[in-house]
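Structure record follows, encoded as structure tokens.
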Amino acid sequence: MTSIDRLTGMLDVLPEDRLYWDMIIDKAIDLAGRYGFQRINVPIIEKDELFSRGVGEASDFFVKKEMYTITEEDGNRITLRPEFTAGIVRAYLQNGMVNWPQPVKIYSIGPVFRRERPQAGRFREHSQFNPEILGTWDPAADLEIMMLARNLHRELGYKNLTFQLNSTGCPVCKPKYVDELKKYLSAHQQILSDVDKERLKRNPLRILDSKDESIDELIADAPHIVDFLCDDCATHFADLRQYLDELNQPYAINFRLVRGIDYYTKTVFELWDKTIGAQASLCGGGRYDGLAEAIGGPQVPGVGVGFGIERIAIGLKKQDIKASTELMPSVLLIHFGGGTKTEALRLTYALRENGIASRIAFARRPRSMRSQMREANRHQAAFVIIVGEDEIAKGEVAIRQMESGEQSSVQSNKAVSWISEKLNAS
RNA sequence: GUGGCCGUAGCUCAGAUGGUAGAGCGUCCGGUUGUGGCCCGGAAGGGCGUGGGUUCGAUUCCCACCGGUCACCCCA
């Protein structure tokens with residue numbers, strides 16, 4: 001009985017689930033490599049300003065106090081990262097990656113923290129795989145990020161995923177659109193829910209993805225961002241769509257797709273799996289051409305995506321996709337204390353040095369053979385090596401193959417090679 | 001931050017119109033001399049989420065709080 005519990009919204013990932021994590025992360029690393037990305041680590045904690053200026057003080061991370069921020073004794077405010085991109089862009093600037101061959105393609109994997117109320121598929125600590133392409137305006141970079149997103153899921157076994165794609169414009173064209181939208185929605189304010197009325201004041205764009213179905217028609221008739229894009233944004237969007245079409249990659253234009261982080265420009269997209277619950281977004285990303293400037297650097301265009309590892313794992317399980325549970329064949333060393341224990345220990349380490357998974361039956365005082373055999377069975381040992389007094393007297397050990405029950409006497413100093421041969425043969 | 005549902009052993013769950021709790025699984029030990037998976041026996045493990053209130057007495061009634069879960073919000 002533990003008296004101290006896990007913090008709200010935190011997760012213990014047990015061995016069974018960890019298999020899914022390994023599968024997802026292995027695939028992410030594999031794909032990132034094939035796409036030419038290099039892995040970096042960035043700190044879990046950054047200065048508060050990185051996120052207030054990067055993510056944007058108008059975003060809900062700030063207004064709803066969803067970040068874990070602590071004020072140090074000297075007054076510095078430091079924050080547990082609520083997302084990856086700002087830190088990666090900061091690292092790009094600080095480490096002079098502007099002088100590397102462009103674009104720079106890097107990714108990071110690790111936890112991020114947001115103090116939200118937990119829900120199906122939503123946790124206060126969650127882990128992300130986060131690739132970014134920095135230093136190019138080419139919409140083919142947007143395509144590459146989207147292809148990486150889709151293919152990661154595809155190669156993991158996901159079926160029937162479609163992209164939700166939209167453009168969110170840029171500082172040139174977006175404000176005009178927001179004005180128009182606000183005007184339109186204000187004129188119909190009376191049919192908005194209280195929540196949406198609140199959003200109308202704070203962030204009218206968010207009404208587009210309101211879950212209030214009674215305003216679906218209202219929104220369908222609302223001004224569309226695509227009709228307001230400036231030439232630059234419109235061309236970018238058209239080019240990206242052309243690439244997707246030419247590569248036969250299906251996607252759904254979703255003009256109601258808006259993202260909560262302020263730094264996005266032009267392309268925004270998500271990949272959904274509705275079976276997870278209300279939190280359907282497996283990954284979300286887009287372009288952020290103004291972020292580097294916002295945190296004090298030169299203008300560096302960028303595009304990236306964040307994958308929620310927990311959500312992908314949940315989705316895989318719901319689709320009955322199994323993570324590999326194959327165990328390395330292993331050996332259990334059985335002994336009866338005294339000299340037999342010493343010999344068993346010696347053999348255990350010798351086996352391990354030779355690449356054979358092995359474990360010794362732990363016991364402060366000698367345990368019965370039956371008990372130790374049961375342990376071998378429970379741990380699904382492939383072999384048991386019995387080191388008893390009789391065997392030691394003859395310089396031998398008894399080796400039992402658990403599945404067949406076949407048992408042989410082997411010279412002690414040949415035990416490791418005997419098992420190696422058996423393993424190689426099978 | 002708001003709302004619905006839930007809160008009995010590690011897990012899945014029983015339980016009494018209020019008299020201080022059980023099962024299955026799991027774990028550990030054992031079933032004659034050093035041998036597993038089946039079977040059998042035994043043990044450990046819970047002041048029934050926490051704190052108040054009502055009562056002679058509450059795990060069972062009431063309230064609050066905490067936690068879990070789902071949804072809103074927001075997001076991966």
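Lettering follows sequence order; numbering is per chain, from 1.
- We find that A:Asp142 and A:Lys266 are not joined by a salt bridge, their nearest charged nitrogen and carboxylate oxygen being 4.0 Å or further apart.
- At the phosphate of B:C70, neither OP1 nor OP2 sits under 4.0 Å from any side-chain N or O atom of A:Gln119.
- Note on A:Arg378: a side-chain N or O is less than 4.0 Å away from OP1 or OP2 of B:C28.
- Pair check for B:U2 finds B:A71; Watson-Crick or G-U wobble, both atom distances under 3.5 Å.
- Taking 4.0 angstrom as the limit, A:Ser281 places none of its side-chain polar atoms (N or O) nearer than this to OP1 or OP2 of B:A76.
- Side chains of A:Leu332 and A:His379 form no contact here, defined as non-hydrogen atoms less than 4.5 Å apart.
- For A:Arg367, no side-chain nitrogen or oxygen approaches OP1 or OP2 of B:U35 to under 4.0 Å.
- With B:U35, B:C72, B:C39 as the candidates, the nucleotide lying closest to the side chain of A:Arg374 is B:C39.
- In terms of phosphate contacts, A:Ser368 brings no side-chain nitrogen or oxygen within less than 4.0 Å of OP1 or OP2 of B:C29.
- For A:Pro118, counting side-chain heavy atoms from C-beta on, the closest listed nucleotide (B:A76, B:C72, B:U69) is B:U69.
- With contacts defined as side-chain heavy-atom distances shorter than 4.5 Å, the pair A:Phe228/A:Cys233 does not qualify.
- The base of B:U35 is paired with the side chain of A:Gln407 by a donor and an acceptor separated by under 3.5 Å.
- At the heavy-atom level, A:Ala120 lies under 4.0 Å from the strands shown only through sugar-phosphate atoms.
- Between B:A76 and A:Arg259, a contact under 4.0 Å exists linking OP1 or OP2 to a side-chain N or O.
- With a 4.5 Å cut-off on side-chain heavy atoms, A:Leu247 and A:Leu143 count as touching.
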